[in-house]
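Residue numbers start from 1 in every chain, and the chains themselves are labelled A, B, ... in the order their sequence lines are given, proteins ahead of strands.
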Amino acid sequence: MPEGPSIAILREELEPFAEQKVISATGNAKIDFTRLKGEKIIEFKSWGKHFLICFNNFFIRIHLLMFGTYRINERKETEPRLSLKLKKTEINFYTCSVRLIEGDPNETYDWKTDLMSDQWDAKKVESLVKKLKNTKVCDALLNQDVFSGSGNIIKNEVLFRIKLHPECEIQFLPAQKLKELVKDAHQYSLDFYRWKKAFELKKHWQIYKKKECPRCKIKSVTAYLGKTGRLTCYCSNCQFLYKKGKIKNNEEH
DNA sequence: CCGGTTGTTCAGCG
DNA sequence: GCGCTGAACAACCG
């Protein structure tokens, strides 16, 4: 389920049920469910991979992690982490992290880094990326404080789209390439969102879990790279590694 | 049928 | 206190 665009879709699906009262809240999450009973949902928000159910002066933060799912007016076999009963609607969350956080989300979150927010700010993100210096770009794209909502699919696809080697360090990126990285992380997130809603996300994967490069047709590389050690798929021919002012892999670019 | 993973947090160690 | 590693969580797909 869970990269940023999928969470934005969840928020959109639940939007019609905002401003309703919680009739009952149950589940196996370790939170104080009595806080929710009778409270009016003010709004649903999302920041990166965080889904937020906002009440007066506190909010519930749901993170679907790797395997999290949800159902609206349906139930799965297993007990939900969190089940909210509204007047005519039941919302169930499974296999997720649930936290009750005091205060207003605006105190906790910077919407300028959220790839799905209309407050997303390319300049702000560029300045955060520049600070990462000796971080590899494959790790940078998973840093939630910088690319909030980016996950492993977005990482791999963006790097392929902008022809950048996953192990390239941020400090060796030409200024123009860094801008392109930030811009395409945003653009691909919007593409991901659109394709996911049309149930055709996988169809558009160019390198993620693909055996060959769709451009040059050579066998693609699969490895667990960076400090994050996450699955990385790339083309060693098309994706360039900038290194100390020079470029390895292809001298023409 | 079993291995792998769209993710994060925390304990334990040096 | 730090960075690093590995475990834990737990469900579905191919």
Are A:Leu84 and A:Leu36 close enough that some pair of their side-chain heavy atoms sits under 4.5 Å apart?
-> yes
Sorted by chain and residue number, the side-chain contact (heavy atoms from CB on, under 4.5 Å) partners of A:Ser83 (sequence neighbours excluded) come out as A:Thr26, A:Pro80, A:Lys85, A:Glu90, A:Asn92
Per-residue pairing states of DNA chain C in dot-bracket (Watson-Crick or G-U under 3.5 Å; . unpaired, | other strand) read .||||||||.||||
Next on the checklist: For a quick check under 3.5 Å, do A:Lys155 and A:Thr232 share a side-chain donor-acceptor pair by atom type?
Outcome noted: yes
Looking at A:Glu180 and A:Lys183, does any basic side-chain N land under 4.0 Å from a carboxylate oxygen? no
Sorted by position of nearest nucleotide on DNA chain C, 5' first, the leading residue of A:Lys202 and A:Tyr94 is A:Tyr94
Please classify the nucleic acid contact of A:Leu201 as base, sugar-phosphate, or nothing, using heavy-atom distances under 4.0 Å.
nothing
Tracing side-chain contacts under 4.5 Å among Ile, Leu, Val, Met, Phe, Trp and Tyr outward from A:Tyr109 reaches A:Trp47, A:Leu52, A:Phe59, A:Ile101, A:Trp111
Its 5'-most and 3'-most nucleotides having an atom under 4.0 Å from a non-hydrogen atom of chain A, DNA chain C is contacted over C:dC4 to C:dG14
Run A:Tyr193 and A:Glu3 through side chain to side chain donor-acceptor pair (under 3.5 Å) and show every step you take. CA-CA 10 Å; A:Tyr193 169 83; A:Glu3 295 192 31; over 6 Å; no
Taken to the nearest whole Å, NZ/A:Lys209 to P/B:dT5 is 7 Å
When rounded to the nearest 0.5 Å, the distance separating NE2 of A:His50 from CD1 of A:Ile62 is 12.0 Å
Protein heavy-atom contacts under 4.0 Å, written 5' to 3' over nucleotides 7-14 of chain B as B (base), S (sugar-phosphate only) or - (none), form the string BS-S----
Within residues 72-83 of chain A, the residues having a heavy atom closer than 4.0 Å to DNA chain C are A:Lys76, A:Arg81
- Query: Can you list the steps and then say if A:Asp139 with A:Thr228 is a side chain to side chain donor-acceptor pair (under 3.5 Å)?
  - Reply: CA-CA 6 Å; A:Asp139 289 328; A:Thr228 47; 2.4 Å; yes
Any chance CZ of A:Arg194 has more than 12 other-residue heavy atoms, nucleotides or ligands included, within less than 6.0 Å?
yes
| Interatomic distance at P, B:dG4 relative to C:dA7, whole Å | 15 Å
Is A:Tyr224 near enough to B:dG4 that one of its side-chain N or O atoms lies under 4.0 angstrom from OP1 or OP2? no
Report task. On the 0 to 90° scale, with breaks at 30° and 60°, tag the A:Tyr70-A:Phe93 ring pair as parallel, tilted or perpendicular. Result -> tilted
Worksheet entry | Output field: ring centroids A:Tyr234/A:Phe160 closer than 6.0 Å | no
**Prompt:** Do A:Thr69 and A:Lys76 get their side chains close enough for a donor-acceptor pair, meaning under 3.5 Å?
**Reply:** yes
Note: A:Arg215 and A:Arg161 closest approach over all heavy atoms is NH1-O, 4.4 Å
